[in-house]
Amino acid sequence: MNKTKRNFWQTRIGFLTILTLCFWAKYMYAAYFDFKLGLSDPYQHFIVWLTPLGTCIIILSLGLYFSKPLVSYIAMLVLDTINTILLFANVIYYRQFSDFLTSKTIQNTGKVSQGLGKSTVALLHPSDIFLWLDLIIIIILLIIKVIKIDPRKYGFKRPFAVSSFGVFMLTLNMFLAETSRPRLLRNTFDRSYVVKYLGLDTYSVYDLLKSAQSNQVKKNANAEDINQVLDFTKKHYAKANPEYFGKAKGKNVIVLHLESFQQFLIGLKVNGQEVTPFLNSLYHNKDTVSFSNFYHQVGLGRTSDAENMLETGTYGISDGSLFSSLGSENTFQGAPQILRQTGYTSAVFHGNTGTFWNRNEVYKNLGYNYFFDANYFSQKKNDKIGYGLKDKLLFSESIKYLEQIQQPFYVKYLTVTNHIPFQLDQEDKDNNFTTTNTSNTTINNYFETAHYLDQSVKEFFDYLKKSGLDKNTMVILYGDHYGVGSSDDELSALAPVLGKDFSKWTSYDTTELQKVPFMIHMNGIKGTIDKKLSGEIDVLPTLLHLLGISNKNYIQFGQDLFSKQYRQVIVFRNGTIVTPKYIIIGGKGIKGTVYNHQTGEKITKFNKKQKAEIAKLVEYGRNSLHYSDLLNNHNLLRFYTPAGFIPTNPNEFDYKINYQKMLELRKELGNKSTSLYSQHKGTTTDLYTTDASEIDKDEINNIPENIQSATSEKNKNNQNGSPEKDNLDK
Ligand code: MN
């Protein structure tokens with residue numbers, strides 16, 4: 001080896017350092033100016049600064065192992081180029097879809113690339129040159145020999161030391177990510193979180209592995225397996241009750257997803273005041289069927305698991321979120337698509353970013369016509385808290401879109417304010433409501449945000465009434481999962497509020513805490529409080545039957561709650577089974593913990609009859625989860641299309657131009673348009689009243705600028721569809 005001392009920058013490792021620093025700078029540029037990573041505290045900024053380093057050093061260090069100097073330099077340049085292409089492709093893709101590339105989208109690009117070419121060029125920004133400038137300059141510097149190739153031969157040791165340093169940096173990064181966001185990869189709820197905490201390279205490798213794994217599982221799937229699943233669901237099918245079948249036929253459906261809302265809030269008083277007076281009154285309303293023993297059945301996928309059960313009638317998966325893990329690729333036979341075939345238009349309103357829980361992809365596969373995410377609402381900092389737009393603003397700002405949807409519609413509102421840690425700005429607090437003063441802040445906050453959610457729903461109901469929508473609309477309200485009570489700290493503060501003694505708290509009580517509200521509100525439905533045990537898995541069959549749609553040929557694991565054949569067996573995702581007689585913790589049977597559901601006593605001695613009953617229930621619980629997992633993990637619905645069902649075509653949806661599409665449709669339909677706007681011959685936004693202090697009239701009426709520009713962009717390319725100027729220019 002050459003013994004003369006060389007300037008560090010003229011060595012191979014110096015060259016690798018230059019490439020790494022340049023790549024780091026480019027990555028930072030993209031992270032801060034192109035990707036919206038939602039960096040909220042200095043610690044997160046620090047992690048993001050760290051994320052590109054480990055993988056970049058590992059990748060480039062591979063070039064050091066070539067013994068020939070020139071080959072080694074070229075290899076490093078090629079590797080750097082590949083890494084830059086990955087970054088560049090994601091920047092371009094993100095500009096259009098506000099999301100990162102997945103192996104699935106890359107595979108699909110081939111299929112739709114014909115139309116993509118032109119739009120990709122349109123997405124380029126002059127500043128993108130910055131991503132390539134370093135490579136160009138470095139190559140020039142090499143050619144004019146400002147950077148000289150280090151002619152010394154490298155052995156194995158030094159390259160290995162550099163690779164090891166890269167691995168160390170990556171490990172450090174993973175460790176810091178784990179401290180800030182535990183179990184990030186096990187429970188991915190948003191691709192942008194993985195990029196934020198682990199960087200683009202690690203995300204891409206992770207995505208590739210995950211996709212390869214699920215492809216392998218699906219490849220092993222056997223089309224015949226679907227028959228086992230069908231046998232199981234057919235065997236447990238509950239026939240519709242003629243008294244309720246079709247009772248809501250042709251009506252609009254509005255589903256209000258009450259975030260983290262637990263059943264114990266209904267009727268609860270703190271400091272002598274009702275926490276949720278409006279929902280309490282709705283619960284007892286003569287036009288509401290309320291279920292008082294309705295259990296949430298979510299697993300790690302939480303909100304998305306609840307959505308999945310309500311939309312598809314199948315359970316979430318055992319580990320992680322079905323939406324995130326399988327939602328991009330699986331075939332669904334969900335509520336939006338089933339209803340679309342009977343003339344319904346479907347939409348979701350949500351105040352968080354569309355990528356959360358992979359919704360932007362899943363909703364297309366479910367057949368949702370429109371998805372109004374945070375982009376469609378006010379962007380002011382004050383208008384958001386916690387997980388997105390404040391609920392009062394979500395409802396009030398949604399009206400300008402809701403009124404444009406053709407009726408009948410199937411519409412879902414995902415609220416977010418009542419989400420852990422239950423933050424509320426001072427101006428949103430009700431001065432007439434004083435929350436609890438327990439030792440636990442989360443508990444105290446929970447009642448305040450629940451109270452706020454109650455007010456939000458009331459304002460929305462007032463509008464339904466004033467606009468006349470209530471006359472032909474069925475409103476379904478449900479709590480998705482628990483909000484408080486997951487730790488001993490919270491439980492010890494909560495128990496006295498509920499009139500319970502924490503020292504006597506058991507897993508029986510924890511199970512009972514899994515109750516959430518479920519209400520069906522509609523003019524003419526015979527209001528009652530139904531005490532039968534029920535769960536989220538039962539909602540879809542119940543809804544379809546109310547709308548007069550038979551679900552007999554669909555694979556759904558729940559049962560119509562109005563059916564005379566309804567069996568009260570609730571299966572939780574962790575295996576726990578709840579029946580009127582028993583609570584079987586974890587589904588372990590008599591070897592585990594079993595409670596008498598009536599008395600709350602633990603059963604220690606089982607008689608013969610009990611043993612047989614419990615064994616049968618355990619088998620049913622296991623089979624329910626097993627067949628649901630078989631169906632979803634192996635994507636078996638692609639092998640089965642029920643008669644009359646038209647599979648979803650996700651490519652027909654573009655959620656960037658919802659507003660444009662609705663206006664075009666209104667124009668096309670002319671006086672056949674059934675939207676509320678057409679019926680009222682004008683907007684109904686003035687009928688909405690809210691006491692939200694953040695609201696200004698413009699936000700209720702105006703379409704945000706980014707949506708307007710997406711609309712007019714589309715319009716330029718579309719000769720026929722010039723939407724009414726007066727609406728767009730407002
Ligand atoms: Mn939730």
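Counting convention: from 1, in listed order, for ligands and their atoms alike.
- Among the atoms of His481, an N, O or S atom falls under 2.8 Å from the Mn ion (ligand 1).
- A search for side chain to side chain donor-acceptor pair (under 3.5 Å) contacts involving Asn280 returns Glu274, Thr276, not counting sequence neighbours.
- Among the backbone and side-chain atoms of Ser260, none of the N, O or S atoms lies under 2.8 Å from the Mn ion (ligand 1).
- With contacts defined as side-chain heavy-atom distances shorter than 4.5 Å, the pair Tyr363/Val348 qualifies.
- Side-chain contact check for Thr542 and Asp538: no donor-acceptor pair (N or O, by modelled atom type) lies under 3.5 Å.
- With respect to the Mn ion (ligand 1), Asp480 has OD2 as its nearest N, O or S atom.
- With sequence neighbours excluded, the residues that form a side chain to side chain contact (heavy atoms under 4.5 Å, CB included) with Pro408 are Asn252, Tyr344.
- No other N/O/S atom of Glu259 lies as close to the Mn ion (ligand 1) as OE2 does.
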